[in-house]
Amino acid sequence: GAVVSQHPSWVICKSGTSVKIECRSLDFQATTMFWYRQFPKQSLMLMATSNEGSKATYEQGVEKDKFLINHASLTLSTLTVTSAHPEDSSFYICSAGGGLAGTDTQYFGPGTRLTVL
Amino acid sequence: RKEVEQDPGPFNVPEGATVAFNCTYSNSASQSFFWYRQDCRKEPKLLMSVYSSGNEDGRFTAQLNRASQYISLLIRDSKLSDSATYLCVVRPTGGFKTIFGAGTRLFVKA
């Protein structure tokens with residue numbers, strides 16, 4: 001099946017710094033990518049929908065200026081957590097779908113575990 | 001009310017048992033339904049799609065009742081390796097936006 005990668009797989013940073021997470025579709029073109037956040041023992045919460053070549057659509061309660069999303073190509077979307085704080089520590093997962101991946105298939109990346117000290 | 005609600009867990013069952021998970025969704029216009037499996041500290045992985053006619057994949061059977069807005073997953077002959085969190089997933093409209101349930105944890109014990 002299609003493969004989605006994320007980088008880095010884990011990151012530890014100091015409070016106040018910005019962290020960039022990359023999501024790549026390795027063998028297909030993804031017109032749409034999604035960013036989720038998952039806190040311990042909770043389900044995935046959709047943060048935003050990233051569309052290639054246009055602005056991301058954020059879910060209610062997600063700060064656009066804090067979670068910057070860029071989807072510059074059909075194979076790459078980035079999520080930047082700006083001025084990270086300890087409460088941003090979470091498991092961030094991207095998924096990709098559409099394009100040559102097929103019309104009903106969504107593939108998940110392995111996730112990035114962010115710890116903000 | 002949450003868009004997707006699942007049975008509270010955890011479910012603790014012995015090997016070989018049959019276990020059923022239920023899920024309800026609030027948006028009657030929802031189009032696609034799935035069950036995902038998530039292992040600890042890993043990404044979710046698609047277990048199976050759910051169709052109105054019901055579908056079966058080996059020991060797993062999924063059912064959809066659109067009238068009641070209800071989805072179920074039945075696991076027969078549970079294996080130790082079935083221990084995971086099972087996520088009910090709904091795609092409300094056309095496209096890929098996906099809503100996850102909170103998940104139900106399953107522990108299968110020897």
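All values reported here derive from a predicted model rather than from experimental measurement. To find a chain, count down the sequence lines: A is the first, B the second, and so on, and within it residues start at 1.
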Trainee: Does a side chain donor of either A/T75 or A/S25 reach within less than 3.5 Å of an acceptor in the other side chain?
Mentor: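 A/S25 and A/T75 do not have a side-chain donor-acceptor pair below 3.5 Å.
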Trainee: Verify salt bridge (Lys or Arg N to Asp or Glu O under 4.0 Å) between A/E22 and A/K20, making sure each step is shown before the conclusion.
Mentor: CA-CA 7 Å; A/E22 292 185 349; A/K20 180 186 284 188; 5.7 Å; no
Trainee: So for A/L46, is it side chain, backbone, both, or neither that comes closer than 4.5 Å to the heavy atoms of chain B?
Mentor: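 Side chain only.
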Trainee: Just so I understand: if I count every heavy-atom pair under 4.5 Å between each of A/P40, A/G111, A/S43 and chain B, which residue has the most?
Mentor: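 That would be A/S43.
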Trainee: Is the centre of the A/F91 ring less than 6.0 Å from the centre of the A/F39 ring?
Mentor: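 Not under 6.0 Å, so no.
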Trainee: Among B/K45, B/R105, B/R41, B/K42, which residue forms the greatest number of heavy-atom pairs with chain A at distances under 4.5 Å?
Mentor: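 So the answer, after comparing B/K45, B/R105, B/R41, B/K42, is B/R41.
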Trainee: What part of B/Q38 gets closer than 4.5 Å to chain A, counting heavy atoms only: side chain, backbone, both or neither?
Mentor: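 Side chain only.
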Trainee: Is A/Q6 close to chain B through its backbone or its side chain, or both, or neither, when contacts mean heavy atoms under 4.5 Å?
Mentor: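 Neither part.
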Trainee: Measure across B/S78 and B/V19 and return the closest heavy-atom pair with its distance rounded to 0.1 Å.
Mentor: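 For B/S78 and B/V19, the tightest heavy-atom pair comes out as OG-CG1, 4.0 Å.
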Trainee: Do you know which of B/F100, B/F11, B/F107, B/F21 makes ring pair (Phe, Tyr, Trp, His ring centres under 6.0 Å) with B/Y86?
Mentor: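 Checked B/F100, B/F11, B/F107, B/F21 against B/Y86; only one passes ring pair (Phe, Tyr, Trp, His ring centres under 6.0 Å): B/F21.
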